[in-house]
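Below, all heavy atoms of this structure are taken into account, side chains as well, without hydrogens, waters or symmetry copies. All ligand and atom numbering here is 1-based and tracks the order in the structure.
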Amino acid sequence: MIDTKYVTVSAEQPDEEVVSEAARVLDRGGLVAFPTETVYGLGADAFSDSAIRKLFDAKGRPADNPLIVHIADTTSLTSISASFPEIGLTLARTFWPGPLTLVVQRTDRVSDLVTAGLDSVAVRMPNHPVALSLIRKLGRGIVAPSANISGGPSPTTAHHVYDDLNGRIDFILDAGPTKIGVESTVLDITLTPPVILRKGGLSKEAIEAVVGQIDSDAGSEILKRSPGNRYKHYSPRASIRLVKEGNLEELSRILQDEVGSTKHIGCILHSIPDRHFGPNVIVRRIASDVEQISHMLFDLLREFDKSGVDLIIVEEVEEKGLGMAVMDRLRRGSAS
Ligand code: AMP
Ligand code: MG
C-alpha cells in the first residue's frame, strides 16, 4: 500500500510549489491524479515504461486499451506524432486546449505500452491550469486515463479519485469538481473523413462547423480501432435503466415492476414531474440543461452506489451536442 499524498490547490492559480512537487513525483516514475476540464486523470510520464506499467496496474486497466498523451504545447507533437495532417493543425488551433483527442500516426519514440501496439497514438491538450502547469513542469507528455478503477464511473471530483485509488497512487491534486464531467471526444484523423471513435465533451456539430462532415456512427470494424470500446465502462455497482425524456408513464410502469423486488431505487430526473414514488425510491433532480446533466452524472451514480441503491433509473436526454456523449455513457453504463 502506497502512502497517497492529497493536496488541495486553486483551479485558476495553482500553487507553483505544489505542482512542482507533483511533477517531481511523475519524473521519478510515480502516479499523480490531477484535474482536467473533462474528468480527473491519472497521470504517468508518457516516456517511462515502468511508470506506465504501474498505471495500468493501479487502475486494473486491460493492457490492450491504449492511453491518451496529454501535452501543453504543440511543439512537443514532433516527439509523439510522425505526421500531423493539415486538418489536425486546424482542429488543434480551433479547439486546443480543450476536450478533443486526435488519433494520429505515432513516432517510434512512443512506447507500445501507450498505444497498445497500434501504429497510431492519441493526443490532446487539456484546458485546465493545473493540468497544463503539471505537463510544463515535467517538460514532456503525460499519459492520463481517467483516475478510477477500470469499468466504473469516471471521477469528476478528487474525492472520487480518493475513494477508488487511495493507497494505490502517489499523489492527488484536488482543484474542485471538473467542469464538463464526461471524457474528451476521440477523433481519428488518420481516416478521411475523420471518424469519432468516442463521443465526448466536444460535440460533432462543433467539429463539423470547422472541418466539414465527419463520421460518428462508424461501423463496428472501425470502432474496433478504439480498443476502449470493447470493455465494460462507466458502470456503477447498481444496475441502470433508462426512461424516455419526459415520460412519467414509462417511469411509473418501471417503478411498479421493480418496487416489489428491488430494495432501493434511485432516480435521476430532469423534466419528469415530481411525485411521491414510494418509500424506497430516492429522487435526485437536475436542471434540464445538458451541461448540468453531464457535469453531475458520474457524481450522482457514485452517490447512489455509496448509499446502497440497487437500481438507478435515469431520464434520457436529447441526443444532440453534448447529449450524444451523455447518452453514450448511459447506454454503456447500463450494458451488463
Ligand atoms: P480513457 O483514457 O480511458 O478515457 O480512454 C482513451 C480512449 O482513447 C479509449 O477509448 C481508447 O480506445 C482510445 N484510444 C487511445 N489511443 C488510441 C489509438 N491509438 N487509436 C484509437 N483509439 C485510441
Ligand atoms: Mg476511463
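- The protein atom (non-hydrogen) at minimum distance from atom 19 (N) of ligand 1 is Ser120 OG, 3.0 Å.
- Between Leu100 and Ser184, the closest heavy-atom pair is N-CB, 4.2 Å.
- Under the 30°/60° scheme for interplanar angles, the aromatic rings of His159 and Tyr6 are found to be tilted.
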Between Arg106 and Ser120, does a side chain to side chain donor-acceptor pair (under 3.5 Å) hold up when you go through it step by step?
CA-CA 5 Å; Arg106 63 183 280 194; Ser120 60; over 6 Å; no
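- At a cut-off of 2.8 Å, Asn148 does not coordinate the Mg ion (ligand 2) through any N, O or S atom.
- The closest approach between a heavy atom of Arg61 and any atom of ligand 1 is below 4.0 Å.
- Only the side chain of Leu197 comes within contact range of ligand 1, with a heavy atom under 4.0 Å; no backbone atom does.
- Scanning the protein heavy atoms around atom 4 (O) of ligand 1, the nearest turns out to be Arg198 NH1, 2.7 Å.
- Ligand 1 lies within reach of Ile68, whose nearest heavy atom is under 4.0 Å from it.
- For atom 2 (O) of ligand 1, the nearest non-hydrogen atom of the protein is Pro145 CA, 3.3 Å.
- Looking at Asn280 and Lys263, their side chains never bring a donor and an acceptor atom within 3.5 Å of each other.
- Nearest protein heavy-atom neighbour of atom 8 (O) of ligand 1: Val186 CG2, 3.9 Å.
- The CD1 atom of Ile312 sits 5.5 Å away from the CD1 atom of Ile240 when rounded to the nearest 0.5 Å.
- Salt-bridge formation is detected for the pair Glu183/Arg329: a Lys NZ or Arg NE/NH1/NH2 atom is positioned less than 4.0 Å from an Asp or Glu carboxylate oxygen.
- Taking every non-hydrogen atom of Leu118 and a distance limit under 4.0 Å, the qualifying atoms of ligand 1 come out as 18 (C), 19 (N), 20 (N).
- For atom 21 (C) of ligand 1, the nearest non-hydrogen atom of the protein is Arg225 O, 3.0 Å.
- Heavy atoms only, all atoms of each residue included: Leu31 and Val25 are closest at N-CG1, 4.3 Å.
- Of all protein heavy atoms, the one lying nearest to atom 17 (C) of ligand 1 is Pro66 CG, 3.5 Å.
- For atom 13 (C) of ligand 1, the closest non-hydrogen atom on the protein side is Ser226 OG, 3.4 Å.
- Between Glu250 and Leu242 the shortest heavy-atom distance is OE2-O, 4.0 Å.
- A salt bridge links Asp45 with Arg140; the closest basic N to acidic carboxylate O contact falls under 4.0 Å.
- Atom 9 (C) of ligand 1 has Asn65 OD1, 3.7 Å as its closest protein atom, hydrogens excluded (heavy atom only).
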